[in-house]
Engineer: 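Handing you a structure now.
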Amino acid sequence: MSRSFDTTGRIPPGILLIRTLRGKDWSMATYRYMVLLITFIAYACYHASRKPSSIVKSVLDPDPSKADGHRQWPIGEVFSRREWVGSDPMRSKNKGWAPFNGPDGTSKLGEIDVAFLACYAMGMYVAGHLGDTLDLRLFLSAGMIGSGIFVGLFGMGYFWNVHDFWFYLVMQMVAGLFQATGWPSVVAVIGNWFGKRKRGLIMGIWNAHTSVGNISGSLLAASVLDYGWGWSFIVPGAFIVLGGIVVYLFLAAYPEDVGFPCPHGFEASVETRPSDEEAQVRKGDLVEGTTNTVPRYGSASRRSVGLIQACLIPGVIPFSLCLFFSKLVAYTFLYWLPFYLSQTEIGGEYMSVKSAGNLSTMFDVGGIVGGILAGYISDKLNARAITAASFMYAAIPSMLLYRSYGSVSKTLNIVLMMIAGLFINGPYALITTAVSADLGTHSSLRGDSRALATVTAIIDGTGSVGAALGPLLTGFISTRGWDAVFVMLMAGALVAGLLLSRLVIAEITEKSCKQMPSFSNGQQSLGGSHDQYYINLAFFLSFFPFKPKKKKISTHPHTRYLDIP
């Protein structure tokens, strides 16, 4: 059986149908737009299916002391209206839902969240390796359908009248394992289709799916809450199952599967050309029997790398540890910011839990801008570590300003919140997308080995541990005051930046060496000390922003032109 035949057999059925109806194939640009759209929808579905648990907390555990906003779960009523929650029949008649309506109800809900995040983090490492071993389209669609099933089963506990805590705990744990399939898969698919040029900007824009998924999931769960809290799980669960079917039908996980060359190999051949020929590549005719010069390796012809081998890729460990602290800071804001706003006097008054939740979305708006900006800057500078570290360092004064002056007025609070979100979520988005894709296609990987999903899983899995640890620590530290919490967050941002110091120094050194003129051919005509003098002078002058004039320093045939002001 030929490779091309294997590749054709892996074309998604929806694309085969479209080819038959149109009579011709799409261009590379069209496929890329399709991949961006489908993966955007896919991961938005993942995030949408995670939101119901936060929406129904106030229904499962309707303690009157929490209904006022005192010690309430931070994002319980962000999008759901207070009267919706109050009109739920199970809350008014049964006063909640056993086993979550007892004195330890809040702790049980917290245990479910921690169990979900723990299984999600651990499952990430396994899912990453499986994603590089199996067909990404099938793996991603199976993960989405499995997630939808177990999210829906959690909601079925309402209709089956289940009051066993272990039932809900197991449903969330298994759902966490299936949820771990999402991020490594979608990043790997994007990395397969896009080369390094403009990857940071593209992924920065694409990363907005997180906020879109959070908002849509909250709206879906809140819209059906009046019919019973079980529907708040079933509807988002059905939503992600539908998304999994779309992925199975239309997602081409690899360019080779539909007859295009891998962008990583092709990119090297056009890197030195003045025009961007990569965007102009078009696939040859799909006439049976026609010889295609483009190698088609397909989904299953590459070999995956092991977990240890992926960890040895230069940069994987530093970026993983950096994301640990970056996610610790970001997820602390995600889970605790609405509660902080409801407990802080802003402009001389306290706001309701609902208003605090709505106001906290400005942090995500700033994060979207930060992700796009970080991607664009890293593309322009060709320096991922410098960009990520700079954003983390800038996050320290932004959090200090927010804590110090955010209570002056609501307008100033929004502005400072968006600035903090920009610098906090910027490197988080950059590392989980463009950096993961860069390292997954690192030059140290020889041949057709695949590490995109594995590297993404290692980096984001390590970050997910920090995501679980940050909100947990905040619950204890906040009892000493919010100043202590912000000190912890600023310390986390500082450590995140410092962990990239070695990579930052390497990038600065590389750029400094590129700015120094080459004297290798002229050293024979210039004396040693004279030569070193001009090298040092050129290095010193390279830091000044004036426009140099070229003056000849020698008439020797091997002389070089030196930039002198």
Side-chain angles (χ1 to χ4, degrees), residues 120-133 136 180-192 194-196 199-200 203-204 207 264 302-328 330 374-375 378-379 382-392 426-467 469 492 495-510:
Y120 176 79
M122 291 186 296
M124 189 79 71
Y125 297 98
V126 179
H129 181 70
L130 291 176
D132 282 329
T133 305
L136 278 174
T181 62
W183 190 243
S185 300
V186 295
V187 173
V189 171
I190 294 296
N192 288 334
F194 292 89
K196 292 186 178 181
R199 176 183 281 171
M203 287 192 161
N207 194 60
H264 312 301
R302 299 180 181 182
R303 66 180 184 277
S304 63
V305 300
L307 197 64
I308 302 300
Q309 184 181 354
C311 289
L312 296 178
I313 297 174
V316 169
I317 297 301
F319 276 114
S320 299
L321 296 176
C322 174
L323 188 63
F324 176 92
F325 290 95
S326 177
K327 261 195 165 183
L328 184 149
S378 67
D379 282 341
N382 193 24
R384 308 289 196 206
I386 293 176
T387 304
S390 300
F391 270 63
M392 292 310 305
Y428 160 40
L430 179 67
I431 294 173
T432 55
T433 55
V435 170
S436 299
D438 288 349
L439 296 177
T441 56
H442 196 267
S443 57
S444 62
L445 297 170
R446 296 185 297 271
D448 292 322
S449 58
R450 295 188 307 196
L452 274 167
T454 304
V455 168
T456 302
I458 293 172
I459 293 177
D460 199 53
T462 304
S464 297
V465 178
L469 182 63
V495 174
L498 291 176
L499 286 168
L500 297 179
S501 297
R502 186 174 180 181
L503 297 178
V504 169
I505 293 173
E507 289 181 351
I508 293 175
T509 303
E510 179 183 359

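Quick caveat, the model's predicted, so the values are computed rather than measured.
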Engineer: Considering residues at least two apart in sequence or located in another chain, which fulfil the side chain to side chain donor-acceptor pair (under 3.5 Å) criterion with D460?
Structural biologist: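 K327.
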Engineer: Could you state the interatomic distance from OG1 (T456) to CD1 (I431), rounded to the nearest 0.5 Å?
Structural biologist: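 Going from the OG1 atom of T456 to the CD1 atom of I431 covers 12.5 Å.
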Engineer: Can you name the side chain to side chain donor-acceptor pair (under 3.5 Å) partners of T432, sequence neighbours left out?
Structural biologist: none
Engineer: Compare every heavy atom of A457 with every heavy atom of G128, then report the nearest pair and how far apart it is.
Structural biologist: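 Reported closest heavy-atom pair: CA-CB, 3.4 Å.
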Engineer: Quick one: side-chain contact (heavy atoms from CB on, under 4.5 Å) partners of S378, sequence neighbours excluded?
Structural biologist: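 Partners of S378 under the side-chain contact (heavy atoms from CB on, under 4.5 Å) test: R384, T387, L430.
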Engineer: Which pair of non-hydrogen atoms, one from G497 and one from A389, has the smallest distance, and what is that distance?
Structural biologist: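 What the structure gives for the nearest pair is O-CB, 4.1 Å.
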Engineer: Looking at residues at least two apart in the chain, or sitting in another chain, which of them share a side chain to side chain donor-acceptor pair (under 3.5 Å) with S390?
Structural biologist: none
Engineer: For F325, what residues pass the side-chain contact (heavy atoms from CB on, under 4.5 Å) criterion, not counting sequence neighbours?
Structural biologist: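 F325 satisfies side-chain contact (heavy atoms from CB on, under 4.5 Å) with V495, A496, L499 only.
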Engineer: If I take atom CD1 from residue I459 and atom CZ from residue F324, how far apart are they, to the nearest 0.5 angstrom?
Structural biologist: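 If we round to the nearest 0.5 Å, I459:CD1 and F324:CZ are 15.0 Å apart.
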Engineer: Which pair of non-hydrogen atoms, one from Y125 and one from G461, has the smallest distance, and what is that distance?
Structural biologist: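 Heavy atoms only, the tightest pair is OH-C, 3.5 Å.
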Engineer: May I ask you to decide if M203's main-chain N or O and N207's side chain share a donor-acceptor pair within less than 3.5 Å?
Structural biologist: no
Engineer: Which residues pass the side-chain contact (heavy atoms from CB on, under 4.5 Å) test with L498, sequence neighbours left out?
Structural biologist: Y393, L494, S501
Engineer: Find the distance between OH (Y428) and OG1 (T433) and round it off to the nearest 0.5 Å.
Structural biologist: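 Nearest 0.5 Å value for the OH-OG1 distance: 10.0 Å.
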Engineer: Do I508 and I386 have side chains that get closer than 4.5 Å, going by heavy atoms?
Structural biologist: yes
Engineer: Just to verify, what does F391 make a ring pair (Phe, Tyr, Trp, His ring centres under 6.0 Å) with, not counting sequence neighbours?
Structural biologist: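 With neighbours one apart ignored, the set is F423.
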Engineer: Rounded to the nearest 0.5 Å, how far apart are CE of M124 and CD1 of I458?
Structural biologist: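 One gets 11.5 Å once the value is rounded to the nearest 0.5 Å.
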Engineer: Sequence neighbours left out, what passes side-chain contact (heavy atoms from CB on, under 4.5 Å) with L503? Give chain and number order.
Structural biologist: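 Here the qualifying residues are P318, F319, A385, L500.
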